[in-house]
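Worksheet for the structure shown next.
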Amino acid sequence: MSTPEETRPKNFLETLIAEHLRDGVHAGVVTRFPPEPNGYLHIGHAKSICLNFGLAQQFGGRCNLRMDDTNPVAEDVEYVESIANDVRWLGFEVGEVLFASDYFEQMYRWAEDLIVAGKAYVDEQDLEAIRAGRGSLTEPGTESPYRNRPAAESLDLFRRMRAGAFPDGAMVLRAKIDMANPNMIMRDPLLYRIRHAHHHRTGDAWCIYPMYDYAHCLEDAIEGITHSICTLEFENNREIYDWLIDTLDVPAKPRQYEFARLALDYTLMSKRKLLKLVQSGTVRGWDDPRMPTVAGLRRRGYTASAIRSFCDLIGVSKANSRVDFGKLEFAIRSDLNPEVPRVMAVARPLEVVITNWPGGVEWLDAALYPHDVPKEGSRQVPFSGRLYIEQDDFAEEPPAGWHRLAPGREVRLRYGYFITCTGVERGPDGAISRVLCTYDPATAGGAAPDGRKVKGTLHWLSADEAVPAEIRLYDHLFASDTPDREDWEALLNPNSLEVLQGFVEPSLADDAAGSRYQFERLGYFISDAVDSRPGALVFNRIVTLRDSWAKQTKKDEPAAPPPAPVAEKKPDTRPTKLGRAEIRVRIRAEDADLAAAYARLQADLGLSEEDADVLTGDRELAAFFEATIAAGAEVAAATRWVVNEVLREVKDRPLGELPLTPAALAGLIGLVDAGRLSVTAGKEVFAELVAQGGDPAAIMAARGLEQLSDAGALAAAVDAVIAASPAQVERYRGGNAGLLGFFIGQVMKATGGRADPAATRALLTERLSS
RNA sequence: AGGGGCGUGGGCUAGCGGUAAGCCACGGGAUUUUGGUUCCCGCUGACGUAGGUUCGAAUCCUACCGCCCCUGCCA
C-alpha cells in the first residue's frame with residue numbers, strides 16, 4: 001500500500017539505473033546484448049536478453065544486438081542468423097544487427113594511439129614465454145624483453161602485422177600496464193593477435209584481430225552504451241575495461257556491471273559442450289527439443305512469453321545460484337493452461353470392448369476448454385464399442401487410493417459414459433490383451449441421473465476413428481541435476497527421449513504443425529514443426545501436467561538409494577588470501593611507530609587488544625584516534641566512535657580526504673556524553689561532519705537536534721504515535737512484542753531523533769501495557 | 001604479493017538501523033466430468049559463525065568459516 005508495485009525496483013541493476021537517471025549520471029539508457037556468433041543461444045542467454053532489452057524498455061532506452069565477432073575461427077553466419085532470429089522470437093525488437101567487426105578500423109587506430117603514447121608494445125615472445133612471464137597468482141610476472149622497445153619500432157611492427165608480414169603467433173600487441181599487478185588480467189594483457197583466417201564478414205581484409213578485453217569496451221564506447229552488463233566471471237576484466245576507456249580518447253564512458261549467470265538444474269549451459277552434443281549426434285541438432293537452446297525450447301513447444309516470465313521469476317542478483325527446474329515448468333504450465341484447447345490422445349493404448357454396446361458410432365459434443373477457462377468452442381468426438389484407454393489407467397490389482405479402472409470398478413469416460421470393468425482377455429503370453437466393460441446408457445455425457453459418483457474420469461479414443469500419431473516424450477537430457485562436471489558425458493540420461501506410437505482424436509487429423517494442445521491428463525503437446533504432417537502426425541510433449549497421483553505413488557515406494565557419491569573434489573591448491581588482520585600485523589612489523597602505538601593504546605589507555613589492533617593498522621587512523629583523545633574525548637567513547645563509525649567511512653576514501661577533524665569528533669563525543677545529544681542524533685551530526693565538516697555544536701543547533709529534555713514533550717510524542725497506530729497497538733497487546741521496535745522507531749522519526757531512546761522505551765512500554 | 005566476488009527457509013529473490021517479505025517447491029483442505037485448474041490454510045521453517053556498536057542489527061564495525069571467478073594468442 002505504501003509503495004506501488006510498479007515503482008519498486010526488482011533488482012540491483014534497476015536500482016542503479018534509476019539512480020543514474022535521477023542523478024543525471026546518464027541522460028538515457030543504452031544497453032546491449034553481445035553474443036559471439038559461435039553457437040546457438042540458450043536459456044542462460046535468454047536471461048541476459050530479457051535483462052538487457054527489458055532494462056532498455058523499462059527506462060525508455062535502447063538495446064543493441066551486437067555480434068561480438070572478433071575471433072574468426074569459431075564464428076559463422078549460420079549463428080548470426082539463428083541468434084537474431086531467436087532474440088526476435090523471444091519478443092524483443094531488434095533494430096539493425098550490429099557487428100564488432102564493423103569497428104575494426106577504429107579499434108586499430110586506437111591501438112596505434114596506445115603505441116604512440118607508450119602504452120602498448122609489440123611483443124615477439126612466443127606463447128609459452130608469454131605464459132611463463134605472466135607469473136602466478138601469488139608471484140609477480142616478469143617483463144617481456146620487448147616491453148621497452150621504442151614506440152616507433154612497435155608502431156612499425158604493428159603496421160606490418162596488419163599488412164600480413166608475419167605468420168600466426170609470431171608476435172602480439174600488448175598493453176603496457178603492470179606485470180606485478182595482483183589482477184592477472186592487468187599484467188600487460190594481449191590486445192591483438194595475428195590470425196590469417198577468413199572472417200565471416202570482413203573476409204580477408206584483416207589478419208590481425210582484437211582480443212575480447214581490448215575490443216569489448218571500445219565497441220560499447222562506439223555505440224554509446226551506458227550500462228555494459230555481463231556475467232560474474234568478467235568481474236576481473238572490469239579493471240582493463242576501465243583502463244582502456246579512461247586511457248583512450250573514446251566518445252563515451254560506458255561502465256561494466258556484472259550479474260550471476262543462470263544455472264538450471266539438469267541442464268548444461270556451456271556452448272562448447274552443447275556443440276559437442278550436436279556434433280556427436282547425441283542430440284538431433286541445436287533445435288533438438290531436449291536442448292536448453294532457445295531453438296530447442298521453441299521446438300519443444302515452450303512459448304516466448306513463458307521464457308520471459310521464467311526470467312522474470314528467477315530474478316537477477318550477484319549470488320551464484322542454481323534455479324530449480326520446476327520453475328521453468330511452472331512458467332510454461334501457467335502460460336499454456338488458460339490458452340490451449342483440450343483434446344484427447346492415448347499414448348500407450350489398451351483396448352476396451354464395451355460388451356453391451358448396441359453397435360455403430362455415436363458422435364459426442366466435447367468442449368475444447370474446461371469450465372474455468374473463459375474460452376468457447378467444442379468439437380465432435382466419436383464413441384463406439386471398441387475404445388482405447390491408457391494402459392496406466394487400468395490395474396488388475398489396484399493399489400490403495402486408485403481412482404481408475406479395475407475389475408469391478410466403475411469410471412467415467414470423459415464426455416462419454418460410465419463404464420464398469422467386467423473382466424479381461426489375455427493373449428497367448430498371458431498378458432492382458434483387452435479389457436471387457438459394460439456401459440450405462442443412462443450416463444450419456446458423463447453424468448448419472450441417479451446422482452451416483454465415480455472417483456475417476458478417463459480419457460479415451462474410439463479405436464476405429466483414432467488417428468495414429470507419433471508421440472515423443474521428453475525427460476531431462478541429463479540424469480544429474482548438476483551435470484556441469486568433468487564427467488558430464490557420463491551423466492546423460494539414456495531415457496531422455498521416448499518415442500511412442502499412439503493415437504489422437506480425429507479432430508487433429510488435419511493439424512497444422514506447431515499447434516499446441518493439452519492432451520487431457522497427459523500434458524501439454526505441440527505438433528512438431530519439422531516432422532509432423534497430416535497423415536504422419538508427430539507430437540512433442542512440452543511438459544507434463546502436475547501429477548499429485550504420481551507424487552503419491554512415488555512417496556509410497558521405498559526410498560531412493562542414496563545419491564551417487566560426488567566425484568572426489570580436487571585438493572584445494574588455491575593460495576589463501578590475507579585477511580585484514582594479517583595485513584595490519586605486517587604493517588606494524590615494518591613500522592615501529594605503529595607498533596609502539598599498538599602497545600601504548602593497550603598499556604596506557606586500557607584498550608582491548610582487538611581495538612588497539614584495528615586502530616593501529618594504519619598511520620593516519622592511529623594518529624586520528626590519538627588526536628581525538630588529545631582533543632579531550634573520553635577514551636572508551638572515542639574508541640567506539642572511531643572503531644565503529646570512522647572505520648566505515650575510510651573504506652572507500654582515505655581519512656585525509658574527510659572533512660572530519662579529531663577536534664570535531666571530540667566535540668561531538670562530548671555533546672553525547674553530556675546528554676545533550678542522543679546517540680541517534682549524534683550519528684546524524686557525525687554524518688554531516690563526514691560530509692561537510694564543521695562544528696558539532698553548531699550543527700546540532702542548526703538542525704534542532706538537541707535532546708528532548710522536556711518529559712512532557714516526549715510523552716506527547718509517544719501518545720501521538722500510539723494514537724496513530726491502532727492496528728499495531730492491538731497486535732502488540734496481542735503478544736507481538738517485536739513491535740516495540742516499530743513504536744520506538746516512530747517516536748524517533750517524529751522527534752527527528754531527539755528523543756532519549758531509553759526514556760522512550762520505558763515510557764512506551766508503560767503506555768502500551770495499560 | 002595474490003586479487004576480485006558471493007553467503008537470507010528445500011530452491012530463487014526482496015530488504016539498505018525500526019513488524020523478515022514475495023515466488024517456486026512442499027503439506028493440508030474446498031471446488032472440479034482432467035489425480036489438471038482455481039481458491040483457502042499451513043510451512044511454530046532462514047539472515048554462514050562468533051564478538052562488538054546501538055534503546056533496537058539481516059542491515060554498521062571486527063574476526064573467522066564456506067562457496068565462486070582469475071595464470072587462453074577464447075569470449
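In what follows, every heavy atom counts, from backbone to side chain, and hydrogens, waters and symmetry copies are set aside. So that the names make sense, note that chain A is the first sequence line, chain B the second, and so on, each numbered from 1.
Within the 4.0 angstrom heavy-atom criterion, no nucleotide atom of any strand lies near A:Arg174. At the heavy-atom level, A:Lys455 lies nowhere under 4.0 Å from the strands shown. Residue contacts for A:Trp460: at a heavy-atom cut-off of 4.0 Å it reaches no nucleic acid atom on any strand shown. Residue contacts shown for A:Ile314 are limited to sugar-phosphate atoms, with no base heavy atom under 4.0 Å away. Residue A:Leu739 is in base contact, counting any heavy-atom pair closer than 4.0 Å across all strands shown.
Not a single ring-ring contact (aromatic ring centres under 6.0 Å, His included) links A:Phe166 to another residue, sequence neighbours left out. When the ring-ring contact (aromatic ring centres under 6.0 Å, His included) test is applied to A:Phe325, the partners found at least two apart in sequence or on another chain are A:His476.
With salt bridges taken as basic N to acidic carboxylate O contacts below 4.0 Å, one links A:Asp484 and A:Lys273. A salt bridge links A:Asp613 to A:Arg584: at least one charged side-chain nitrogen sits closer than 4.0 Å to a carboxylate oxygen. Taking the charged nitrogens against the carboxylate oxygens, A:Glu410 and A:Lys453 have no contact shorter than 4.0 Å, which rules out a salt bridge. Salt bridge annotation for A:Glu590-A:Arg586: absent, with no cationic side-chain nitrogen under 4.0 angstrom from a carboxylate oxygen. With respect to the salt-bridge test (charged N to carboxylate O, under 4.0 angstrom), the residues A:Glu233 and A:Arg261 qualify.
In this structure, A:Arg187 places its CZ atom 13 Å from C1' of B:rG4, rounding to the nearest Å. When rounded to the nearest whole Å, the span between CD1 of A:Ile669 and C1' of B:rU53 equals 13 Å.
On the P atoms, B:rG27 is 23 Å away from B:rA21, given to the nearest whole Å. Taking atom C1' in both B:rC47 and B:rC12, the straight-line distance is 15 Å, to the nearest Å. When the C1' atom is used for both B:rG15 and B:rC41, the distance is 26 Å, rounded to whole Å.
Contact annotation: A:Thr760 does not reach the phosphate of B:rC55 (side-chain N/O to OP1 or OP2, under 4.0 Å). Applying the 4.0 Å criterion to OP1 and OP2 of B:rC26, one finds that A:Lys551 has a side-chain N or O inside that range.
A:Asp168 contributes a side-chain N or O that, together with a main-chain N or O of A:His196, makes up a donor-acceptor pair within less than 3.5 Å.
Listed candidates were B:rG18, B:rA14, B:rC55. Nearest to the side chain of A:Ser317 is B:rA14.
For A:Lys577 against B:rG4, a side-chain-to-base donor-acceptor contact under 3.5 Å is present. Looking at A:Thr680, its side chain comes within 3.5 Å of the base of B:rC55 through a donor and an acceptor atom. Donor-acceptor pairing under 3.5 Å, judged by distance alone, is present between the side chain of A:Arg404 and the base of B:rG35.
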Once base and sugar-phosphate atoms are separated, protein heavy atoms under 4.0 Å mark nucleotides 69-75 of chain B, 5' to 3', with B, S and - as BBBSBSB
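Position along RNA chain B of the nearest nucleotide to A:Gly446 versus A:Glu235 favours A:Glu235 as the more 5'-ward residue.
Stem analysis of RNA chain B (Watson-Crick or G-U pairs, both distances under 3.5 Å, runs of at least three) returns B:2-7 with B:65-70, B:10-13 with B:21-24, B:26-30 with B:38-42, B:48-52 with B:60-64.
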Just the table, please: protein N/O against nucleotides 36-38 of chain B N/O, every pair under 3.5 Å.
residue : atom : partner  : partner atom : Å
B:rG36  : OP1  : A:Ser548 : OG           : 2.9
B:rG36  : N1   : A:Asp372 : OD2          : 3.3
B:rG36  : N2   : A:Asp372 : OD1          : 3.3
B:rU37  : OP1  : A:Arg546 : NH1          : 3.4
B:rU37  : OP2  : A:Arg546 : NH1          : 3.0
B:rU37  : O2'  : A:Asn337 : ND2          : 3.1
B:rU37  : O2   : A:Asp372 : OD2          : 2.1

N/O contacts under 3.5 Å, protein versus nucleotides 57-63 of chain B?
residue : atom : partner  : partner atom : Å
B:rC60  : O2'  : A:Arg648 : NE           : 3.4
B:rC61  : OP1  : A:Lys651 : NZ           : 2.8
B:rC61  : O2'  : A:Val643 : O            : 2.9
B:rU62  : OP2  : A:Lys651 : NZ           : 2.8
B:rU62  : O2'  : A:Glu610 : OE2          : 3.1
B:rA63  : OP1  : A:Ala581 : N            : 3.3
B:rA63  : OP1  : A:Arg584 : NH1          : 3.0
B:rA63  : OP1  : A:Arg584 : NH2          : 3.2

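In summary, the side chains of A:Ser228 and A:Gln256 do not present any donor paired with an acceptor at a separation below 3.5 Å, with no hydrogens or angles considered.
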